[in-house]
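Quick note on labels: first sequence line is chain A, next is B, and so on, each numbered from 1.
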2 protein chains.
Amino acid sequence: MSDQIPAISEAESRVMEALWRKAPQRSEDIVAAVQQANDWHEKTIRTLLGRLLGKGAVSAEKEGRRYLYSPTLRREQWQWQESRSLLDRVFGGRLSLLLAHFSEHEKLGAKDIAELRKLLDAIEKKGR
Amino acid sequence: MSDQIPAISEAESRVMEALWRKAPQRSEDIVAAVQQANDWHEKTIRTLLGRLLGKGAVSAEKEGRRYLYSPTLRREQWQWQESRSLLDRVFGGRLSLLLAHFSEHEKLGAKDIAELRKLLDAIEKKGR
DNA sequence: CAGCAAAGATTACAAGCGTAGTCTTTTACT
DNA sequence: AGTAAAAGACTACGCTTGTAATCTTTGCTG
């Protein structure tokens, strides 16, 4: 049922980041926030905001003559979509391949490893 | 120096998969292989192959009047690029966030978990 | 009250992508 | 030799994306 939101693009996601950090916000503030992190023209940011509205990833409610924007797509959900997509596209859905990959290339600190072990324990326990 | 290969698209990566599985191959065989997995028109696949050539992700050498195609971009490298990209774009580069994410959402089978543990052991040992 | 400035709406435009179709060249047959 | 078929080259076309510029409306300001 949850009407599918079309994929959001890289640039669009930068605008979402601003909204995930704080919402609702007026476009002016969104523009300011996004410009903090990305040196984009104000017009560009407004365009992206508009597209996100069109995609249903953000909603807008009138506040006086302006709008207040809020994210509809939750960050978690987006992260999940992107992760699944990578996993399926690149690693044939096999998580262990992904992890093996990171383990080879990424410096996994002792802390990371400990964290991972804890994760595994928790998963295993939960899984019965 | 390593002249950067432009990002390859989703569809293009399907063609790469065929070449990663076996190379070099004649276009005819690539077409056949890709059609196994994706129901695309022969012309489409040839177009993608051409674009990959243009991007320098595959090379071609004449074999008689035809070409033999081989991947230039290694699969590992591509997987790495995609993974880094996800990690940076979506999780701010923090691997632990990604992992926590998967641990929450992914159903890890007992086999996955065992495999992961083994991985962790190996990593730890290697890391001293 | 007349005109400007800001928020939003609409339009622009090139590059990349998915998905082919058409044109050209070359070889293999009849 | 003439011709069809296959491989490759070139062309097509609508959609998305990045990156804005222009147009419209409307409250605010002098």
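Residues of residues 9-16 of chain B that place a heavy atom closer than 4.0 Å to DNA chain D do not occur. Taking every heavy atom of residues 58-70 of chain A and every atom of DNA chain D, pairs under 4.0 Å involve Arg65(A), by number. The stretch residues 25-44 of chain A comes close to DNA chain D through Trp40(A), His41(A), Lys43(A), Thr44(A), each having a heavy atom under 4.0 Å from the strand.
Using a 4.0 Å cut-off between charged nitrogen and carboxylate oxygen, Glu28(A) and Arg66(A) do not count as a salt-bridge pair.
You'll find the side chain of Leu86(A) stays beyond 4.5 Å of the side chain of Val90(B), heavy atoms only. Under the 4.5 Å side-chain criterion, counting only non-hydrogen atoms from C-beta, Leu48(A) is in contact with Trp40(A). Inter-residue side-chain proximity for Trp78(A) and Ile5(A) is flagged as unmet; no heavy-atom pair is nearer than 4.5 Å. Looking only at side-chain heavy atoms (C-beta outward), Asp121(A) and Arg117(B) come within less than 4.5 Å of each other. Side-chain contact between His101(A) and Leu97(A) is absent, with no heavy atoms from C-beta onward closer than 4.5 Å. A heavy-atom distance below 4.5 Å is found between the side chains of Glu17(A) and Arg75(A).
Distance check, rounded to the nearest 0.5 Å: CD1 of Ile45(A) to CG of Leu49(A) gives 9.5 Å.
Axis angle between the ends of the helix from dC1(C)-dG30(D) to dT30(C)-dA1(D), five pairs each and rounded to 10 degrees, works out to 30°.
With rounding to whole Å, Leu48(A) atom CG is found 15 Å from dG8(C) atom C1'. The CG-P distance, from Leu53(A) to dG8(C), rounds to 9 Å in whole Å. To the nearest angstrom, C1' of dC17(C) lies 12 Å from CG of Leu52(B).
For Arg51(B) against dG18(C), a side-chain N or O and a base N or O form a donor-acceptor pair under 3.5 Å.
Heavy-atom minimum distance, Leu95(A) versus Leu87(A): CA-CD1, 3.7 Å. Considering every non-hydrogen atom in both Ala23(B) and Pro71(B), the closest pair reads CB-CD, 3.4 Å.
When DNA chain D is scanned in the 5' to 3' direction for atoms under 4.0 Å from non-hydrogen atoms of chain B, the outermost contacting nucleotides are dA6(D) to dA12(D).
Across Leu52(A), Thr72(A), Leu68(A), a single residue satisfies side chain to side chain contact (heavy atoms under 4.5 Å, CB included) together with Ser59(A), and that is Thr72(A).
Scored by the side-chain contact (heavy atoms from CB on, under 4.5 Å) test, Thr47(A) finds Arg51(A) as partners (sequence neighbours excluded).
At most 12 heavy atoms of other shown residues, nucleotides or ligands fall within 6.0 angstrom of atom CD in Glu61(A).
The backbone N or O of Arg89(B) sits nowhere less than 3.5 Å from a side-chain atom of Glu82(A) that would complete a donor-acceptor pair.
Arg46(B) and Ser27(B) form a side-chain donor-acceptor contact under 3.5 Å, judged by distance and modelled atom types alone.
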